[in-house]
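Okay, structure first, notes after.
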Amino acid sequence: MTESATPPAHSPSNLPPFRYTARLAAEIESKWQDSWETEGTFHTPNPAGPLADPTRLGTKPKAFIVDMFPYPSGAGLHVGHPLGYIGTDVYARFKRMKGFNVLHTLGYDSFGLPAEQHAITTGIHPRINTESNIANMRRQLRRLGLGHDSRRSVSTTDEDFYKWTQWIFLQVHGAWYDEARNKARPIQELIEEFSQGLRATPSGTPWADLTSSERHAIIDSYRLAYLTDAPVNWCPGLGTILANEEVTADGRSDIGNYPVFKRNMRQWMMRITAYADRLLDDLDRLDWPEPIKLMQRNWIGRSTGARVTFSTPAGGIDVFTTRPDTLFGATFLVLSPEHPFVASLTTEQQRASVEAYCAQAAAQQDNERQDDSKEKTGVFTGATATNPVNGAQIPIYVADYVLMGYGTGAIMAVPSGDQRDFEFARAYNLPIVATAMPPASWFAQHEITPSSDCATWPCAFTGDGEYIDSANDSVSLNGLTSIEEATSRIVEWLTTHQLGEGTTTYRLRDWLFSRQRYWGEPFPIVYDDEGNAHAVPEKELPVLLPELADFKPTALDPNDAHSDPIPPLARITDWMQVTLDLGDGPRAYRREVNVMPQWAGSCWYEMRYLDPTNTERFIDPDVERYWMGPEHEGHTGGVDLYVGGVEHAVLHLLYSRFWHKVLHDLGHVSSEEPFHRLFNQGYIQAYAYRDERGQAVPANEVVESDGQYMWNGETVAREYGKMGKSLKNIVTPDEMYEEFGADTFRLYEMAMGPLDASRPWNTRDVVGMQRFLQRLWRNIIDEDTGTSIVTNDPAPEELLRHLHRTIAGVESDMDGLRFNTVIAKLIEFNNALTQHVTTTHSSPRVLIEPLVQMLSPLCPHVADELWSRIGKSDSVTYVPFPVADPALLAEDTIEIPVQINGKVRGRILAAPDAGEDTLLEMARGVESVSAALEGKTIVKTVVVPGRMVNIVVK
RNA sequence: GCCCGAGUGGCGGAAUGGCAGACGCGACGGAUUCAAAAUCCGUUGUCCGAAAGGGCGUGUGGGUUCGAGUCCCACCUCGGGCACCA
């Protein structure tokens, strides 16, 4: 025994001195947390570099487990935050016991908007605020007993972290996408192709004859990071540019309610669209939840179809259509209000109404414009276009349901085959021409007489039908019934007549990468006198974020739409000006004054965990290959388990995949994907209560009686949602540590439901997990002396069988991250054990040791304490997980239900391998069954050996 | 609006297409106690019934199947995302 029998301090006199109370738990927990820290229990060895440790590395398989890292909020953690962290910790600890070299740590996504807003209102530097928030979160998380390698915890705001974020930006900036090789290549290789004449310049002018600025412009147009004019939300009243979430639905600032104007600014974009196909196709090789893959597929939105040119008085207009086979039914064109041809096409007569319409559309958000439920609006330009297949003159409309950002910003409308076009055509009295004859069933369903005259149709027909009225002198689709065949025939015709071609478009847009903020990574970019952008040399990195004297921007006239937006860094004029030698002697340059978005750091942070102290590279290639490299041919490589909320399903996960692929193409990483396996945790939400005036009241003071919720004698209304200050429903981990201890808290979070489901927090339920740990403790420890009561007595066979069933179940549930059912199985076994211990006063070691081992991933502190109290010297952390004995898993007999017409009418006990005939015979022998069969005719019998018997009677 | 997901006892939840409600909370009853706390034992979907037993039950309505919480169709409600919150 390693423990003395001295009672713990502060033991309440009316309880046994060694009862497992919150107070004893707290002592045990802080003791083991200190021990793990001193021993470096969770220090994980690397194969190379400063963190290498060959003896600890051994020949173990590896497991790299990552949580989506948190933004260090000033409010600290509430009980909802650690759900995923506990889940990954349990899994990581389980994998250690299964013999894996496990890497698990947690960093901080510490750039971002809230710190900057905090700085604006308080004047406190975001760095100071951020660092104190991180310190608080580290304290709260340490108390939770997470087995993290603390040496590897990084923050995106660390200078030696964002140095590499900037370095990666330079890699993206210094690369172009080679469509032929379908990968990114260094921009230098493109310059060589141009200078050696292997690639023609866009204008055809030889490379040697171009000016330096002209060459610069051509090269820049190929880069994966490029500059373009893009709109920002400029709020002169605040003197700042606002994020979308800071702008209200009616186009005013959330803070101060000032007008917000859309203004164009020169901004960096990332050419993520170049990777659209690979981002889409490689999803098939990832172990991700299918709904998340689907969301990414929909987001990328690849659709194949054709680009078709319609001639108009202002020139040819390209439209993109997924249904070129319906071209003969195109009876009007619709342009997006932002389409460049709108002004030149509009006739004088129509000008006033078109301009008014465009102005009104400009004020709307894209997703409002696509609202299918609202009435379709639009306005006639006065001009017509020529349908290339039949020469028909068709009117050109402007309508806001067509978006400039998708396809070509212009569509051909086929009202007979598209419901949106159909509604528009009906509303504006435009012709509707059928190109396919619907089947009789379609007419029957709509209760109309079959006719190709669309005037009688109630809606568009979108199904398969025989093509009609779809022919000109040189092509005919008539009589075809396959969309595929008709499409390929018409695309071929369009291509030979140079009126269009088959093409693919994507819904995915390039990534707007600039933010007009202070608290983000500065771009490692400078501009020369002619406005050309240059990369800052690698040896100059990091470009440090300069100090800012005053975080409050200067407010301007709130209604001055024409004032120029000024990003915070532009106010630091002596920082903006810099003298650099970029190879042609020291010259004056102007720094980029935008900063990177918060996504930047989160696009690659998991790799820095692997090699956090490397000063030469963002990661050592050997280290990357060990932890993230592909496991076999065709494997993408990447993190073995990535856990986080679904809210990141698209953006974060798409952006980081994109950066990773660029780094892979350029040879910096061996893995093709950052996250091989993804798991989405649910949210913990909470009830909140409001009084009659709608004011939130403290949720922890609300009592329930007779289905009513009462606060201070007053009836209050309950609602369900996120935990938050304003709802007065926050429960913190600190309160849970105080009241129950970290192990009970961990257990409750894992027991309350499956990890991927959202559920409400209920403090009242936590006690169940505490009682379980107390019963388990009491099965091992004498509550009066604190010493072990474990004996070497043999265990009854029934309990041994139960133990091995439990081991088998726990192991597979752990592997599947089903911790809630792991806990249920442990409780069931412990309850059985409790009966044995209380009746026989014997606590067999052969049962206790595996139980403590199985408990340890979930409740590591109490498990280590029990392990030590039953005479073990080391932490249970690396002790191999118990193995179920197959001989003890086999059952002699199993109970099988007997159904009559699908309803259970009796049960039989049979051997697990009993055959169909035996089972049926036994079933008919059951009294309740034979009674139910009395006077009935057996129609059919269904026997599933080992499962059930069903007798169908009449 | 579009995309994704979820609806099971009083509550959190369990259930390879095969015994619905494991496990926990709460509630009720009992043991122990001078009394309480703590602990232990039992009951607890619902309706009918004294009981034995039976009817009904997994958001709503249909369907597939010998058999559906589970699969299919439609609908309702709630949650997440919609590109500058992360």
Side-chain angles (χ1 to χ4, degrees), chain A residues 12 14-16 19 68-71 109 112-114 230 232-233 241-247 267 289-292 294-295 297-299 301 365-374 401 405 507-517 597-599 602 644-652 654-655 680 682-683 685 704 707 720-722 748 751-754 756-762 764-769 771-772 774-775 778 818 820-821 823-828 831 834-835 838 895-899 901-904 906-907 928 939-942 944 947-952:
Chain A
N14 56 340
L15 287 181
R19 160 101 10 124
M68 288 184 189
F69 68 163
Y71 177 78
D109 190 12
L113 203 47
V232 297
N233 302 308
I241 293 140
L242 300 176
N244 286 347
E245 76 149 16
E246 298 175 294
V247 182
Q267 303 192 66
E290 209 48 50
I292 303 296
L294 194 53
M295 279 194 256
R297 289 192 187 107
N298 290 340
W299 188 263
Q365 305 271 331
D366 275 4
N367 50 353
E368 287 172 29
R369 284 170 50 170
Q370 286 185 96
D371 189 336
D372 268 351
S373 67
K374 72 167 196 186
Y401 71 91
R507 205 186 74 99
L508 180 70
R509 307 200 296 262
D510 275 344
W511 174 17
L512 179 60
F513 197 69
S514 295
R515 298 292 183 272
Q516 298 71 36
R517 290 284 165 184
Q598 198 171 357
W599 307 113
S602 61
V646 268
E647 70 269 27
H648 296 293
V650 176
L651 296 181
H652 159 62
L654 207 57
Y655 293 153
N680 289 117
Y683 306 95
Q685 298 187 303
E704 187 186 347
Y720 180 55
K722 290 180 174 170
Y748 173 64
M752 63 198 290
D756 56 1
S758 294
R759 50 255 147 95
W761 178 264
N762 198 347
R764 199 178 61 176
D765 290 350
V766 182
V767 69
M769 294 303 112
R771 286 181 197 149
F772 160 57
Q774 286 174 336
R775 283 197 299 274
R778 214 168 15 244
R818 296 183 296 271
N820 53 331
T821 51
I823 293 166
K825 289 179 170 86
L826 291 178
I827 292 173
E828 277 181 277
N831 287 349
T834 303
Q835 281 219 316
T838 48
E895 194 182 66
I896 287 176
V898 181
Q899 303 175 345
N901 289 345
K903 288 193 187 300
V904 179
R907 297 180 173 81
S928 57
V939 179
K940 182 175 183 175
T941 57
V942 181
V944 183
R947 301 299 308 188
M948 47 71 67
V949 176
N950 188 16
I951 302 170
V952 185

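All chains are named by letter (A, B, ...) in the order of the sequence lines, taking the proteins before the strands, and each is independently numbered beginning at 1. Keep in mind it's a predicted model, so treat the numbers as computed, not measured.
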Taking atom [atom2] of [N] as reference, at what distance in whole Å does atom [atom1] of [X] sit?
| X | N | atom1 | atom2 | answer |
| --- | --- | --- | --- | --- |
| A:N901 | B:G67 | CG | C1' | 10 Å |
| A:L654 | B:A83 | CG | P | 14 Å |
| A:Q685 | B:G13 | CD | C1' | 16 Å |
| A:W599 | B:G81 | CH2 | P | 10 Å |
| A:K825 | B:A14 | NZ | P | 11 Å |
| A:N831 | B:G42 | CG | P | 10 Å |
| A:Q267 | B:A83 | CD | P | 15 Å |

Please give the distance between the [atom1] atoms of [N] and [M] as a whole number of Å.
| N | M | atom1 | result |
| --- | --- | --- | --- |
| B:U46 | B:A51 | P | 15 Å |
| B:C71 | B:A15 | P | 14 Å |
| B:U44 | B:G53 | P | 14 Å |

When you measure from the side-chain N and O atoms of [X] to the phosphate of [N], is any distance below 4.0 Å, counting only OP1 and OP2?
| X | N | value |
| --- | --- | --- |
| A:R515 | B:C84 | yes |
| A:N820 | B:A14 | yes |
| A:Q774 | B:U39 | yes |
| A:R771 | B:G26 | yes |

Does B:G57 have a Watson-Crick or wobble partner in any strand here, with both distances under 3.5 angstrom, and which is it?
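Looking at the geometry, B:G57 pairs with no nucleotide.
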For A:S602 and A:F69, work out which heavy atoms get closest and say how close.
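Distance-wise, the nearest heavy atoms are CB-CE2, 3.4 Å.
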Answer with base, sugar-phosphate or nothing: what part of the nucleic acid does [X] contact at a heavy-atom distance below 4.0 Å?
| X | answer |
| --- | --- |
| A:N950 | base |
| A:L294 | sugar-phosphate |
| A:E828 | sugar-phosphate |
| A:L508 | base |

Calculate, to the nearest 0.5 Å, the distance between atoms CZ and CD1 belonging to A:R907 and A:I896 respectively.
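These two atoms lie 12.0 Å from each other.
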Supply the atom-to-atom distance A:R778 CZ to A:R19 CZ, rounded to the nearest 0.5 angstrom.
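Going from the CZ atom of A:R778 to the CZ atom of A:R19 covers 5.0 Å.
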